[in-house]
Each structure stands twice: as C-alpha cells, then as structure tokens.
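Below: the structure, in structure tokens.
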Amino acid sequence: MSDVRVRFAPSPTGLLHIGGARTALFNWLYARHVGGKFVLRVEDTDQSRNTQEAVDVIFRGMRWLGLDWDEGPDGKGGTQGERGPYFQSQRGSIYAKHLEKLQATGKTYEDGGALKFKMPKTPCVVKDMVCGDVTFDRTVEPDLVIRRKDGSPVFHFVNVVDDLEMGITHVIRGEDHLSNTQKHIALYEALGVTPPQYAHIPLILNQSGSKMSKRDDGAALGFYEDAGYLPAAVRNYLCLLGWSPGANEEVLDIHEIVKRFELKDLNRSNARFDAAKLFWINGEYWRAMADSEFAEFAKTYLAKHRPTAASLSESLRDGLLRVIREKIRTGKELAEWMDPYLTEDYSYSPEARKKQFSNPDAGKLLHGLEQGFAALDGDLTDAAAEMICKKVAEDAALPKPAKVIHLLRAAVSGHTVGPSLFPLLTVLGKKTVVARLGRTRSLFDSGKLGEAT
RNA sequence: GGCGCUGUCGUCUAGAGGCCUAGGACAGGUCCCUUUCAAGGACCAUACACGGGUUCGAAUCCCGUCAGCGCCA
C-alpha cells in the first residue's frame with residue numbers, strides 16, 4: 001500500500017481518445033505498481049456535449065481495457081470514494097469556495113467582467129518526473145483569466161482545485177500540458193497548497209507526425225473494439241508507446257508490466273501510432289488465446305456483428321470458427337470469413353469470377369466434383385475430399401489437382417481465399433458441399449458467373 | 001511570434017563514456033515451407049539530424065545550428 005493517488009480526468013466528447021486511453025493506462029499502471037489509488041474524474045463542464053452516452057463511452061472504454069478505478073463514478077449511476085462528486089458539473093460550490101479563497105488573497109482582479117489571477121513574474125521550475133527540471137522564465141507571462149465573463153471558472157482553475165481537493169499526489173498527463181504546469185503551480189501556491197508531483201508523458205502522434213486528434217483514423221478506442229481487436233493486445237501495444245520493458249521483449253503479460261512499470265523509464269519523445277504493429281501484436285494474442293477464451297470472444301463478437309450466426313448448428317459454427325481462426329487475427333476478419341456460410345445464397349467475389357468461373361472447362365469440372373461428392377460413401381473426410389479432387393483432375397486429364405482444388409474453393413465459398421479447404425469441406429459436411437456445388441454448377445451453366453455480373 | 005519539449009533504421013524502441021564495425025520488434029525485400037490465405041523458418045536492406053567542443057575514447061557529456069512537435073498569444 002502507498003498513499004499515492006493518481007487520476008484520469010477525461011471529458012465526455014463522445015469517444016475515448018487513444019491518447020487519453022494511454023494516459024489512463026499509465027496512471028493505472030503507476031497506481032497498481034505502487035499500490036496507490038486510481039481516481040476517475042469526469043470533466044463534463046461543456047454542457048453542450050455532456051450526454052449520458054458520451055460518459056458511458058468513457059466507462060466502456062476503461063472497462064474494455066481492464067483499467068479499473070478505485071474512486072469515481074461507478075459507471076452504474078453510483079459513486080465510489082469519499083472525495084466526490086466526481087463529475088465537475090456537480091462541483092460548482094467547491095469552485096466558488098476556492099474562488100473566494102483566492103480573491104481573499106488579493107491576487108485577483110476584475111477585468112472587463114472576467115476575473116483574472118495575477119501571475120507571478122518570477123521564474124518557475126517544474127520538477128517533472130519524466131522531463132526533469134523545466135524552467136519557465138515568466139517575466140512576460142500574462143495574467144490568467146480564472147473566471148469568464150459568464151461566470152464559469154476556467155479549465156486550469158477547476159483542474160487545480162479538483163486535484164487538490166481529491167488529494168492527488170501525482171499528476172500524470174500528456175506533455176501538451178507541460179507549458180501550462182507553471183500556471184497550475186502558481187495557483188497551488190496562491191492557495192497555500194503544495195503542488196503534486198508531475199509526470200508529463202510523450203504524445204501519441206498520427207501518421208503525419210502531429211498530435212493524434214479525434215479526426216484521425218483509429219483515434220477512438222471504440223474503433224478497435226468494433227474491429228474485434230483483443231483488449232489485452234491493444235493495452236500491450238499502448239504500453240509500448242513511450243515505455244519499454246527494456247531488453248528485447250514486447251509481448252508481455254499485464255501483471256509483468258505492472259511489476260516493471262516505473263515513471264523514470266518513460267520516454268521523452270513523442271511516438272507515432274503504428275497501426276501495423278498493433279495488428280501484429282493482436283495476432284500474437286489471437287493465437288495465444290485459450291480455446292475457451294476464443295469461443296467466448298467469438299460468441300460475443302458475432303452476436304453483435306453477425307446475429308444470424310446464432311442460427312447455425314453448434315457443431316457447424318464451432319467447426320467453422322476452428323478452421324477460420326488460424327487464418328486471421330481480428331473479430332472483423334472472423335465475421336467476414338464467416339459470411340459465406342451464413343446463407344446458402346452466398347455471393348461470388350470478382351476474383352473468383354475472374355480466376356475460376358471464366359474458364360470454359362469449369363462447367364465440366366464442377367459436374368465432376370458434384371458427382372464425386374454425391375457418390376461418396378460414408379462421411380466426408382479430408383482424405384476422401386482429396387481423393388475426389390485427384391480423380392476429377394485425372395478424368396479431365398489435368399496433371400495436377402491444383403486447378404480443381406481452387407475451383408472447388410470458389411464453388412463452395414464464393415471466394416478464392418479462405419480456410420484450409422479439406423478441413424472446411426469436412427466441417428460443412430457432404431450434404432452442404434454437394435448442394436453448394438449444385439448451386440454453383442447451375443449458375444455457371446446458365447451463364448451467371450461471368451466477370452460482368 | 002514568444003516560451004517549452006524532443007531529435008538512434010520508414011515506425012516503436014535498446015542503449016546512461018569503452019561491451020556498438022549500434023541490438024530487438026513491426027513494416028519492406030529474397031528464399032524455404034505451403035494445392036488459397038495465414039502461421040513458421042532462413043537471409044537481406046536501412047539509423048546515432050548537422051557542426052563544433054570535452055575526453056585516451058561519445059549515440060551517450062557541453063555548446064551552437066537545423067528540424068519536428070506542443071503550449072500561449
């Protein structure tokens with residue numbers, strides 16, 4: 001246990017920004033590493049955007065990443081912790097109290113309806129746990145508006161008041177706030193309170209090298225949930241942006257990361273977001289998942305994105321998932337690869353039309369395959385399927401069965417790529433394979449599988 | 001414009017004066033494996049921003065320049 005208290009203070013904008021998620025993650029990692037408290041505070045002062053949905057997005061994202069908080073709204077309409085309320089919109093009287101206190105010091109003055117704070121004109125040294133001692137020469141620092149003409153207190157002020165009222169000991173936040181920190185320190189000092197420790201972490205940059213904004217592709221955490229990424233993989237990737245476990249390791253269990261995470265090991269330079277690397281890490285987690293875990297993931301993901309998958313028989317669905325899983329690495333791909341088997345009215349891709357059904361011999365081969373599978377005695381197995389392919393190839397005087405195999409794949413799935421073919425056929429079963437071959441053959445015979453359509 | 005931060009392969013990083021003819025990973029390339037696609041294996045290419053110091057010795061320390069980013073106005 002320790003008396004460290006850190007916080008994540010997002011505003012409900014309708015999405016949980018990937019940079020915000022990373023800030024939350026680093027606060028969480030530090031709290032868990034030292035055994036302190038992690039506080040969630042919602043900075044919902046912008047009434048126009050302050051909706052329940054927007055707040056829920058934050059809770060959902062945090063939970064998805066597994067970042068549990070010790071104090072804050074519990075996400076179910078209640079509160080946990082003694083230092084609330086944890087919504088800024090409910091803290092008006094607290095701000096008013098501190099505003100009065102600040103006014104009593106004589107360090108403020110009215111100016112055109114706004115209340116301004118007299119900034120000290122002396123140098124300020126921010127002792128940052130990541131950036132080191134950063135000196136600001138404030139001789140020309142303008143005074144700070146702390147209450148607008150409309151009476152609303154400004155961000156810097158409420159942020160400071162909240163942090164001191166909530167007993168925050170370490171402020172871990174994006175480096176974009178480093179230059180503002182001297183203002184915050186001035187406010188703490190004016191209120192007669194010792195400022196917290198600061199740790200400014202590097203920013204996450206987009207492809208073009210500027211601060212990732214919500215307009216950038218993949219800037220919302222929800223994007224990865226929708227795309228069927230695994231939260232542990234996203235979390236692992238985010239840890240690697242500005243922090244490194246040291247020697248040649250990257251894919252690490254979160255417990256191991258918690259154990260090793262130190263603020264002093266944080267990088268100082270901004271990091272570009274690399275979607276390809278995240279995709280790779282996701283693949284690592286995808287393959288490492290236990291079967292039961294995968295089954296649970298697939299069930300949940302398909303329920304949301306492919307509700308019709310529920311009508312497949314359990315054995316068919318499980319079989320398909322098994323043969324598909326090894327070829328792909330996200331839920332989105334899983335859903336797309338399931339598509340050809342969710343209906344008997346499946347479509348044929350342009351590649352399949354072009355590569356497989358533009359060949360005049362295809363009709364003959366399809367007939368042969370259909371007859372071969374129809375005539376099969378007993379269960380359809382990998383070996384039986386292979387034999388049929390070989391025989392059809394021989395009958396057509398083809399030197400190798402490859403051509404037949406490719407055509408067969410296109411015929412039963414409509415696509416030129418897919419799961420390993422023989423295991424797929426076995427999963428589908430003889431009846432379905434024969435029916436699909438019949439359908440394709442008949443469409444082909446009536447000239448409906450050409451390139452044009 | 002002022003102030004601040006940063007600057008190692010395309011990207012994320014290891015590196016805290018000699019272990020560095022700079023290591024790993026992703027991405028890229030070649031090959032192997034493979035009756036598609038993945039996965040896997042082997043190999044290749046690519047970096048200490050630049051210029052000055054300090055030192056026997058610098059990616060590592062200091063200064064300057066340049067560049068990028070951020071904050072404020």
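To find a chain, count down the sequence lines: A is the first, B the second, and so on, and within it residues start at 1. Just the heavy atoms: all of them, side chains too, but no hydrogens, waters or symmetry mates, feed the values below.
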Quiz item: Cation-pi between A/R147 and A/Y95: NZ/CZ under 6.0 Å from ring centre and within 45° of the ring axis?
Solution: no

Quiz item: Looking at A/R329, does any N or O in its side chain come under 4.0 Å of the phosphate oxygens OP1/OP2 on B/A39?
Solution: yes

Hey, can you pull the residues of [range] with a non-hydrogen atom under 4.0 angstrom from RNA chain B?
| range | answer |
| --- | --- |
| residues 374-400 of chain A | A/E386 |
| residues 130-145 of chain A | A/V134, A/T135, A/F136 |
| residues 275-295 of chain A | A/A276, A/K277, A/W280, A/R287 |

To the nearest angstrom, how far is [X] atom [atom1] from [N] atom [atom2]?
| X | N | atom1 | atom2 | result |
| --- | --- | --- | --- | --- |
| A/R173 | B/G70 | CZ | P | 17 Å |
| A/E336 | B/C37 | CD | P | 18 Å |
| A/K211 | B/C5 | NZ | P | 18 Å |
| A/I204 | B/C5 | CD1 | P | 22 Å |
| A/E333 | B/A39 | CD | C1' | 13 Å |
| A/N270 | B/G7 | CG | C1' | 11 Å |
| A/L424 | B/C37 | CG | P | 16 Å |
| A/R272 | B/A27 | CZ | C1' | 14 Å |

Quiz item: Can you tell me if A/E256 uses its side chain to pair, donor with acceptor, with the backbone of A/D253 under 3.5 Å?
Solution: no

Exercise. Give none if B/C72 has no partner; otherwise give the nucleotide forming a Watson-Crick or G-U wobble pair with it, both distances under 3.5 Å.
Key: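 WC or wobble partner is B/G1.
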
Quiz item: If pairing requires Watson-Crick or G-U wobble contacts with both distances under 3.5 Å, which nucleotide is the partner of B/G28?
Solution: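 B/G28 is paired with B/C44.
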
Any idea which of [options] is nearest the [X] side chain?
| X | options | result |
| --- | --- | --- |
| A/V417 | B/G23, B/U13, B/U36 | B/U36 |
| A/D274 | B/G70, B/U11, B/U36 | B/U11 |
| A/S244 | B/G4, B/U13, B/U35 | B/U13 |
| A/N180 | B/C72, B/U35, B/C37 | B/C72 |

Quiz item: Taking atom NZ of A/K430 as the centre, does the number of heavy atoms from other residues, nucleotides or ligands within less than 6.0 Å exceed 12?
Solution: yes

Quiz item: Given A/Y237 and A/F273, is the ring pair (Phe, Tyr, Trp, His ring centres under 6.0 Å) satisfied, shown in steps?
Solution: CA-CA 10 Å; A/Y237 175 68; A/F273 190 85; 5.3 Å; yes

For [X], answer base if it contacts any base atom (sugar-phosphate contacts may also be present), sugar-phosphate if it contacts only those atoms, and nothing otherwise; contact means non-hydrogen atoms under 4.0 Å.
| X | value |
| --- | --- |
| A/R409 | base |
| A/G209 | sugar-phosphate |
| A/I405 | base |
| A/P202 | nothing |

Exercise. For A/F294, enumerate each residue passing the ring pair (Phe, Tyr, Trp, His ring centres under 6.0 Å) test, keeping only those at least two apart in sequence or located in another chain.
Key: A/W286

Quiz item: Got a sec, which residues hit ring pair (Phe, Tyr, Trp, His ring centres under 6.0 Å) with A/F261, two or more places apart in sequence or on another chain?
Solution: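 For A/F261 the ring pair (Phe, Tyr, Trp, His ring centres under 6.0 Å) partners, ignoring immediate neighbours, are A/F26, A/W243.
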
Quiz item: Using 30° and 60° as the class limits, which term best fits the ring planes of A/F357 and A/Y348: parallel, tilted or perpendicular?
Solution: perpendicular

Practice problem: Using the six-membered ring wherever Trp is involved, compare the ring planes of A/Y224 and A/Y229 and label them parallel, tilted or perpendicular (cut-offs 30° and 60°). | Solution: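 Answer is perpendicular, since the angle exceeds 60°.
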
Quiz prompt | Verdict with supporting geometry, A/E262 and A/H33, side-chain hydrogen bond (donor to acceptor under 3.5 Å, both in side chains) | solution = CA-CA 8 Å; A/E262 304 274 2; A/H33 176 75; 3.3 Å; yes

Exercise. Tell whether A/E250 reaches the base of B/G24 with its side chain through a donor-acceptor pair below 3.5 angstrom.
Key: yes

Quiz item: Taking N and O atoms by type only, does the side chain of A/K403 place a donor or acceptor under 3.5 Å from a partner on the base of B/U35?
Solution: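 Between B/U35 and A/K403, which were checked side chain against base, a qualifying N/O pair under 3.5 Å is absent.
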
Quiz item: Does A/F155 have its ring centroid less than 6.0 Å away from the ring centroid of A/H177?
Solution: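 That pair passes the under 6.0 Å test.
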
Self-check item: Residues A/K121, A/D143: salt bridge by 4.0 Å N-O rule
Solution: yes

Quiz item: Quick one: salt bridge (charged side-chain N to carboxylate O under 4.0 Å, His left out) partners of A/R436, sequence neighbours excluded?
Solution: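 Result, salt bridge (charged side-chain N to carboxylate O under 4.0 Å, His left out) vs A/R436: A/E344.
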
Quiz prompt | Position toward the 5' end of RNA chain B (nearest nucleotide), A/S208 or A/E175 | solution = A/E175

